[in-house]
S.K.: 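Quick one: the structure is below, and I'll ask about it shortly.
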Amino acid sequence: MDRLKQSFDSLAARGAMGIIPYLTVGFPSVKDTLSLVPALIDGGADVIELGVPFSDPLADGPTIQRASFHALAQGVNLGTCLQVCKQLRDIGITVPLVLMGYYNPIFSYGLERFAMDAQDSGVDGIIVPDLPFEEADPLQTTCRQHGIHLIPLLAPTSTDARIAQSCEKAGGFVYCVSLTGVTGTREELPPGVPAFIERVRKHTDLPIAIGFGISQRHHVESLTPLAQAAIVGSALIEVIEKTNDGLREEAVKDFIAGLKGMVPTQGRQ
Amino acid sequence: MKASDIILPDSWGHFGPHGGRFVPETLMTALEELEAAYQDSKKDEEFQARLSHYLKTYAGRPTALYFAENLSRQSGGARIYLKREDLAHTGAHKINNALGQGLLAKRMGKQRIIAETGAGQHGVATATACAMLDLDCLVYMGEEDMRRQAINVYRMRLLGAEVKPVASGSRTLKDAINEAIRDWVTNVQTTYYLIGSAVGPHPYPMMVRDFQKVIGIEARQQILEAAGRLPDYAVACVGGGSNSIGLFYPFINDTSVKLVGVEAAGEGVESERHAATLVAGRPGVLHGAMSYLLQDEHGQVKETHSISAGLDYPGVGPEHSHLKDTGRAEYVAVTDTQALEAFQMLSRSEGIIPALESAHAVYYTSQLASTLPEDSIIVMCLSGRGDKDVDTVAKMGE
């Protein structure tokens, strides 16, 4: 059963744009992650991306850095993140779960052990921001044997040759970074995004998800129907940061529903 | 010279299992362009002539190879020769690489230069090269290091560079590199990242080594002239490892020459407060390359400690990891206290105040010399002058 394929097929059948929220595991606590994920799904999230904290998150802007350092201070590590996935499956979560984490914790855990444990924990895919295709073979091969997709990142600076090579090995979906920069919210997306997506589309039939800078409904609208999903990370972390304990589940649910165009966005402009 | 026969790294930047390019996709095309521009510059006679000209007339090369007779006598044993990189412009070997990469940036038409610095030596060298080459310079420096090395912050600003404090993580060199990479990811089309050590994604470890190998090429020729033979040992301190790879590389095929890198043991390798990556680390990925790394059991990078800000780094250049794995070089560690002892010893015996980084190599060299016969020869790289450290040492004495 390929949960990512099912999820994107279902979106395509409905002609709908998917929303993929990103949460750092253990932000603000592991318990919160376990209650926030179901709330995101209630809001309409199609895939859940769970961030593995790392001491040196060099592709991340200040918001996700903050969340990452906070989670590390709570003692969260890759093993914790895998346990969280397993617990989410145990409480009946069926949407695809994708981990996003830097390479060293995975390498340190052991590639084979990671792929086995990820499979056991119900993980569907992994995104590794510091692992371009040239270095990805060992993880790719191991993950494939365990039914885990290694989802490649592509950037506006990627040449057509690099896009072709990345897409050749891709599984699950392709993650297009909307801009040259680190994660974090932006007022407007760069004007070159549609042309970039079209450039990638020539090389793959896989769903394309676009991330970095997305925080508002009009961003999502501007990407429909070119991309199949939008990834939202820093904006969601900021919603969590400014909402009091006890109200966060409702707030993130509304935020995702707002991005989906189901209800007006509350609390965030 | 046989070193030129060695075809390392491979075309993807690997030294055995180490090295490579572990960076966000956004930077990959820029690294490919950088590598192509660098390879072109090697064949460009005008570029090479210009670099040689600046190294000679601006940086003051060749630097001297000095027979440290008093230190040798005190140590009791081998004859110790010091490769005087402290005499290069800006007071350390860092200028060799800053000039090389600065000229390369100019050749690539990149006007905006960013760099990271720990102690400030590379920041000062970069600011210096940028002033001379009329390039814009922004240096990232951890807040903690800015406090510790205030005089170098002032020097960089005097040279026209902007110094940007880094408040994330441990607020030291590791975090300054993270922030420089974030800047580069954002401004990759217009910006040249001038890395200061033989670390980072390919082609940096190769390129920095090549710009620093002038140290070893000169030293090899100078010792042949002075002693009529190759040394028994070549010794240098290792933080990221640029002065050491610069010294070692031209001796790699001279198998009779033993290569020893000296890391910072801080308060002791067993204490957890050290920066002895090759002695106590295991392979991992940081700042774009696979190499030995100080990390916890979960693969989180550890905070390090050394009295010397230039050695206070949890990673190390990938070529050193390869030299360790193959046994071609040996790596040892020297504590803060031992380095301070050597700092004073060299000042008093030879009238040379070494940088605290270099003092680690001085301590080991002196100990090693005492175990060797009198006709043995050690060439040690005195990578920098110690004026910047006088304050730190004075405070330690209080």
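Chain A is the first sequence line, chain B the second, and so forth, proteins listed ahead of strands; every chain is numbered from 1.
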S.K.: So which of B/K302, B/E32, B/E297 has the largest heavy-atom pair count under 4.5 angstrom toward chain A?
M.R.: B/E32
S.K.: Quick one: does B/L135's side chain get under 4.5 Å of B/Q111's, heavy atoms only?
M.R.: yes
S.K.: Does any backbone or side-chain atom of B/I177 lie under 4.5 Å from a heavy atom of chain A? Answer side chain, backbone, both or neither.
M.R.: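 Answer is neither: B/I177 stays 4.5 Å or more from chain A.
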S.K.: Taking the side chain as every heavy atom from C-beta outward, state whether A/I237 and A/R66 have any pair of such atoms under 4.5 Å apart.
M.R.: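 No, too far: nothing below the 4.5 Å cut-off.
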S.K.: What residue in A/P53, A/S108, A/P105, A/A155 has the most heavy-atom pairs under 4.5 Å with chain B?
M.R.: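 Most heavy-atom pairs within the cutoff with chain B belong to A/S108.
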S.K.: Under a 4.0 Å N-O cut-off, is there an ion pair linking A/K86 with A/D120?
M.R.: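 A/D120 and A/K86: not salt-bridged.
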S.K.: Please flag which part of A/P57 lies under 4.5 Å from any non-hydrogen atom of chain B: side chain, backbone, both or neither.
M.R.: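 Both backbone and side chain.
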S.K.: Which of residues 278-286 of chain B have a heavy atom under 4.5 Å from any heavy atom of chain A?
M.R.: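 Only B/R282, B/P283, B/G284, B/V285, B/L286 of residues 278-286 of chain B have a heavy atom under 4.5 Å from chain A.
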S.K.: Between A/P132 and chain B, with a heavy-atom cut-off of 4.5 Å, which part of the residue counts as in contact: side chain, backbone, both or neither?
M.R.: both
S.K.: Do you know which of B/I181, B/D183, B/V301 has the most heavy-atom pairs with chain A at a distance under 4.5 angstrom?
M.R.: B/V301
S.K.: Provide the full list of ring pair (Phe, Tyr, Trp, His ring centres under 6.0 Å) pairs with a residue in residues 151-206 of chain A, sequence neighbours left out, each pair given once.
M.R.: A/F8-A/F173
S.K.: Taking the side chain as every heavy atom from C-beta outward, state whether B/N97 and B/H122 have any pair of such atoms under 4.5 Å apart.
M.R.: yes
S.K.: Relative to chain A, which segment of B/V188 carries a heavy atom at a distance below 4.5 Å: side chain, backbone, both, or neither?
M.R.: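 Looking at B/V188, just its side chain touches chain A.
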S.K.: Quick test of your reading of the model: are A/R201 and A/E198 salt-bridged, counting only N-O distances below 4.0 Å?
M.R.: no
S.K.: Considering only heavy atoms from C-beta outward, does the side chain of A/I231 approach that of A/I214 to under 4.5 Å?
M.R.: no
S.K.: Check each atom of A/L72 against the heavy atoms of chain B and say whether the ones under 4.5 Å are side chain, backbone, both or neither.
M.R.: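 Interface part for A/L72: side chain.
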S.K.: Of all of A/A59, A/G61, A/A161, A/P129, which one pairs up most often with chain B through heavy atoms under 4.5 Å apart?
M.R.: A/P129
S.K.: Are any of the side-chain heavy atoms of A/I126 and A/C143 separated by less than 4.5 Å?
M.R.: yes
S.K.: Would A/T157 and A/T180 satisfy side chain to side chain donor-acceptor pair (under 3.5 Å), going step by step from the backbone distance to the final call?
M.R.: CA-CA 7 Å; A/T157 51; A/T180 56; over 6 Å; no
S.K.: Select one option (side chain, backbone, both, neither) describing which atoms of B/Q295 are under 4.5 Å from chain A's heavy atoms.
M.R.: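 Just its side chain gets close to chain A.
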S.K.: Tell me, out of A/L179, A/V128, A/I106, A/V182, who's got the most heavy-atom pairs with chain B below 4.5 Å.
M.R.: A/V182
S.K.: Going by heavy atoms in the side chains, are B/H274 and B/E263 under 4.5 Å from each other?
M.R.: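 No, too far: nothing below the 4.5 Å cut-off.
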S.K.: Taking C-beta and beyond as the side chain, do A/E187 and A/Q216 meet within less than 4.5 Å on heavy atoms?
M.R.: yes
S.K.: With salt bridge (Lys or Arg N to Asp or Glu O under 4.0 Å) as the criterion, how do B/E144 and B/R171 come out once you've worked through the C-alpha distance, each side chain's angles and the decisive distance to 0.1 Å?
M.R.: CA-CA 5 Å; B/E144 177 62 20; B/R171 302 173 190 201; over 6 Å; no
S.K.: What part of A/E134 gets closer than 4.5 Å to chain B, counting heavy atoms only: side chain, backbone, both or neither?
M.R.: both
S.K.: Less than 4.5 Å to any heavy atom of chain B: does that hold for the side chain of A/F54, its backbone, both, or neither?
M.R.: both
S.K.: Using non-hydrogen atoms and a 4.5 Å limit, figure out which bit of A/L78 sits close to chain B: side chain, backbone, both or neither.
M.R.: neither
S.K.: Going by the angle between their ring planes, with limits at 30° and 60°, are B/H322 and B/F15 parallel, tilted or perpendicular?
M.R.: tilted
